[in-house]
S.K.: 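Structure provided below as structure tokens; questions to follow.
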Amino acid sequence: MVRPAVSLRSTATAPGLPPPAAGRSRSGGTRARRWAAVAATAALLTTLGSVPAIAEGPATPDRAADGARPASPAHTPPGTPEKTPVAVGYGGAVSSVDQDASAAGIEVLRRGGNAVDAAVATAAALGVTEPYSAGVGGGGYFVYYDAKRKRVSTIDGRETAPRSAGSDLFLENGKPIPFAQAVTSGLGVGTPGTPATWDSALDRWGTKSLGQVLRPAQRLARDGFTVDETFRSQTADNQERFADFPASAKLFLPGGKLPVVGSTLTNPDLARTYDLLARQGVDALYRGEIGRDIVRTVRTPPVAKGADRTVRPGDLTRADLRAYAPRSQAPSRSHYKGLDLYGMAPSSSGGTTVGEALNILESAELGRVGKGATASEGEATKGGEKATRQSEKRFLHRYIEASRIAFADRGRWVGDPAFEDVPTRQLLQQRFADARACLISDDKALTSPLPAGDPRHPKRCDASGTASPTPYEGRDTTHLTVADKWGNVVAYTLTIEQTGGSGITVPGRGFLLNNELTDFSFAPITPGVHDPNLPGPGKRPRSSMSPTIVLEDGRPVVALGSPGGATIITTVLQTLLNHFDRGLPLVDAIAAPRASQRNSATTELEPGLWNSPLRAELEALGHRFTKNREIGAATGVQRLPDGRWLAAAETNRRGGGSAQVVFPHETAPTGR
Ligand code: GLU
């Protein structure tokens, strides 16, 4: 992570660039809307100039005091642009939450790698700079569009439960153990899927070796990255538990203290881990010495002497690691207003839930934001303001209701399909969505928990089933999106579950272990009703990760995803609606204030909506709200009609993201 000094590059044409390809002339409402959205990006670029930069640390941090080295620019490759949430140009694009990580992907693209190579390079770099969200100790979901074959494929790299796990994994004396104790334990650790995902993706679609794509991340781990405010505050959130594990404390609390903003944090152990993976392949983890250390750490968590904490061991074995295999599976597929959406099928609930909610909204008119307007600008006139608010209110109401319904169905039906009879296809049928959409009234909000429908036997307007509330899921993870010059696209979300995962670093290896198994239900959510998300031997806990690639006329137009536990689904859904229905430029669609309804009594609102008159207007319909400071941290890429790629990231959330392209070329589009 480097300081998010948000700034805009001046418009420039890179020497030797091809001229913009002539836009293909097509008709169609969605395309017209999107193109207007692209044009509005120019206006947005101006507004972004006022995004407040996060407080910078001391220019010369006290080395003795914090144990970290002063910042050195050596780790950022020369020519890396300053952190910015939007970039437009040719040669491929990378968007992630972190500038060094995006730069790692761009470096690989520049060296001739494709989107898959760059995605793995970016992910590995995130393992260094975002170690509390992602790394080789976790898992994730990889969605890939292959331009040559015109096909979308996915890898389910979710962590698995030990083969000894039963449905009572988290029960003691018949009662669920406290959630917080499960989080910081060996018990919550699943077999990591991330190294196998990288290996499988490179093997099937990449052009570079694991060793080649790990190089930028290795360098970053060895030379260090600059600590920013987000990293420091995430460390502060974990300080107490990190202090209880000497290996975590040594790595993340240099000199026993929080790392200073502006200082450089190195991770030589992780550099060596990456080196070992580069030389021996991922067998070093699934069959070799790294795996041995993981198993030892899970079975005998290395707690500091005198730590006042119950840390339960887990029953992970070397046989569990050897048995791990990433799943290659068909993507979830849904159609929405002329678009084709591809995402993750179960074990993630992302694809089915985003898809079902969109199907519910298929025939809803969600209203465009005023022509050329951005979320922050609004309409100029008073009458216009009123009309805009009415339209926003209608949009939010319908979006919230669609999400509420889709979550009711997710909770009842989605689990690991290797263990459960998941009605994936039926959940995505328009017939089912229509039966569910009929529950929505324009005048009155539904109440939650709302009963699930039955996708195999859809009944119109039926709300007579059993209601299952949505359980809590961790809120941290990271998403990256990559496109290359050949038109291949990757949307990849990876995680170690909650911020800081289990809190347990594998001694000498430089990475944290996940706590992904806490995504299982500890006990049936609704007594007497089958819960598809109970633990089982080798089972994958249900996820909400929603890496998504959107095709129009058979070509990718947008890819995106987000962290945020169950709010991932609503963030992806709302961003898609903001962009495709409301007509916002992608970066504005990402920046817009979020609402998240997950079949719970209240809908969460970010301050931008909480403080708006819209809240009272929606409350008048029966909606109830709670405030959430920040929901999600999305990134995306968009293919512009003239052939350029646009990378987009957060303007503010998590300190702002980093959008980069290989050859910036930002002149305003000249029409289509
Ligand atoms: N464990 C969560 C999931 O798989 C992700 C955690 C997060 O996004 O923070 O859905």
Side-chain angles (χ1 to χ4, degrees), residues 96-97 123 126 130-135 137-143 154-161 170 179 182-183 188-194 197 230 234 237-238 326-327 332 343-354 406-407 410-411 414-416 470-480 491-503 512-522 532-533 535 539-548 560-573 575 594 596 598 604 628 630-635 650 653-654:
S96 81
V97 295
L126 287 168
E130 287 273 302
Y132 308 147
S133 303
Y141 295 92
F142 195 102
V143 181
T154 74
I155 299 173
D156 174 336
R158 185 68 158 170
E159 300 91 329
T160 50
F170 291 108
F179 188 75
V183 165
V189 180
T191 302
T194 291
T197 304
T230 303
Q234 289 181 341
D237 292 344
N238 280 288
R327 255 184 222 155
S332 66
M344 277 315 305
S347 58
S348 180
S349 60
T352 55
T353 314
V354 171
F407 263 91
R410 162 197 185 265
V414 183
D416 182 347
T470 304
Y472 176 80
E473 272 174 37
R475 291 269 176 103
D476 200 26
T477 282
T478 197
H479 177 81
L480 61 101
Y492 181 25
T493 314
L494 64 163
T495 185
I496 57 172
E497 217 307 270
Q498 79 161 52
T499 315
S502 64
L512 284 156
L513 289 169
N514 69 81
N515 65 299
E516 214 71 53
L517 303 187
T518 61
D519 274 357
F520 280 122
S521 305
F522 287 14
N533 192 34
K539 191 174 176 180
R540 285 157 154 83
R542 177 176 63 216
S543 172
S544 297
M545 288 186 260
S546 311
T548 305
L560 80 172
S562 175
T567 69
I568 291 173
I569 290 169
T570 55
T571 294
V572 166
L573 176 62
T575 307
R594 294 186 181 132
S596 180
R598 307 184 300 281
E604 291 174 16
N628 187 336
E630 196 173 287
I631 300 174
T635 73
E650 296 288 352
R653 294 182 186 93
R654 283 225 210 156

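In listed order, ligands and their atoms are each counted from 1. Below, each value reflects all heavy atoms present in this structure, side chains not excepted, and no hydrogens, waters or symmetry copies. This is a predicted model, so every value here is computed, not measured.
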S.K.: State the atoms of ligand 1, each with its element, that fall below the 4.0 Å cut-off from a heavy-atom position in E497.
M.R.: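 Under 4.0 Å from E497, ligand 1 has these atoms: 1 (N), 2 (C), 5 (C), 6 (C), 9 (O).
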
S.K.: Look at the side chain of E650 and the backbone N and O of A634, then say whether any donor-acceptor pair between them is shorter than 3.5 Å.
M.R.: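 Confirmed, E650 side chain pairs with A634 backbone.
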
S.K.: Applying a 4.0 Å heavy-atom criterion (strictly less than), which segment of E516 is in contact with ligand 1: side chain, backbone, both, or neither?
M.R.: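 The part of E516 near ligand 1 is the side chain, not the backbone.
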
S.K.: Do any nitrogen or oxygen atoms of G564 come within less than 3.5 Å of a nitrogen or oxygen of ligand 1?
M.R.: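 Yes - when backbone and side-chain N and O of G564 are compared with those of ligand 1, one distance drops under 3.5 Å.
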
S.K.: Less than 3.5 Å between some nitrogen or oxygen of R542 and one of ligand 1, yes or no?
M.R.: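 Such a contact does not occur with ligand 1.
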
S.K.: Between T477 and ligand 1, which part of the residue brings a heavy atom under 4.0 Å of the ligand: side chain, backbone, both or neither?
M.R.: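 It is both parts that get close, each with some atom under 4.0 Å.
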
S.K.: Are any side-chain N or O atoms of T194 and backbone N or O atoms of G138, one a donor and one an acceptor, separated by less than 3.5 Å?
M.R.: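 Yes, the answer is positive, given that a donor and an acceptor are paired below the 3.5 Å cut-off.
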
S.K.: Using a 3.5 Å distance criterion without hydrogens, assess whether the side chain of T495 forms a donor-acceptor pair with backbone atoms of T493.
M.R.: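 No; judged by distance alone, with no hydrogens or angles, the pair does not exist.
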
S.K.: Tell me whether T567 contacts the main-chain N or O of G564 through its side chain, where contact means a donor paired with an acceptor under 3.5 Å.
M.R.: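 Yes.
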
S.K.: Considering distance alone, does some N or O of P563 sit under 3.5 Å from an N or O of ligand 1?
M.R.: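 P563 vs ligand 1: no N/O contact under 3.5 Å.
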
S.K.: Please find out if less than 6.0 Å separates the ring center of F170 from that of F179.
M.R.: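 Not under 6.0 Å, so no.
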
S.K.: With heavy atoms only and a cut-off of under 4.0 Å, state how E159 meets ligand 1: side chain, backbone, both or neither.
M.R.: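 No part of E159 comes within reach of ligand 1.
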
S.K.: Report the residues that fulfil salt bridge (Lys or Arg N to Asp or Glu O under 4.0 Å) with R158, sequence neighbours left out, ordered by chain and then residue number.
M.R.: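 Partners of R158 under the salt bridge (Lys or Arg N to Asp or Glu O under 4.0 Å) test: E516, D519.
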
S.K.: Output the list of atoms in ligand 1 that are nearer than 4.0 Å to some heavy atom of D519, sorted by atom number.
M.R.: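 So the atoms of ligand 1 that pass are 1 (N), 2 (C), 3 (C), 4 (O).
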
S.K.: Whether the side chain of T230 engages the backbone of R654 through a donor-acceptor N/O pair (distance < 3.5 Å, no angle test) should be reported.
M.R.: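 Confirmed, T230 side chain pairs with R654 backbone.
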
S.K.: Would T495 count as a polar contact of ligand 1, with the cut-off being nitrogen or oxygen pairs under 3.5 Å?
M.R.: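 By distance alone, the answer is no.
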
S.K.: Check ligand 1 against S544 and write out every atom of the ligand that is under 4.0 Å from a heavy-atom position of the residue.
M.R.: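 Taking each heavy atom of S544 in turn, ligand 1 has 3 (C), 4 (O), 10 (O) under 4.0 Å.
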
S.K.: Going by the atom numbers of ligand 1, which of them fall below 4.0 Å from some non-hydrogen atom of I568?
M.R.: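 Per the distance check, 8 (O).
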
S.K.: Tell me whether E159 contacts the main-chain N or O of G139 through its side chain, where contact means a donor paired with an acceptor under 3.5 Å.
M.R.: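 Indeed, once roles are kept as given, a pair shorter than 3.5 Å links the two residues.
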
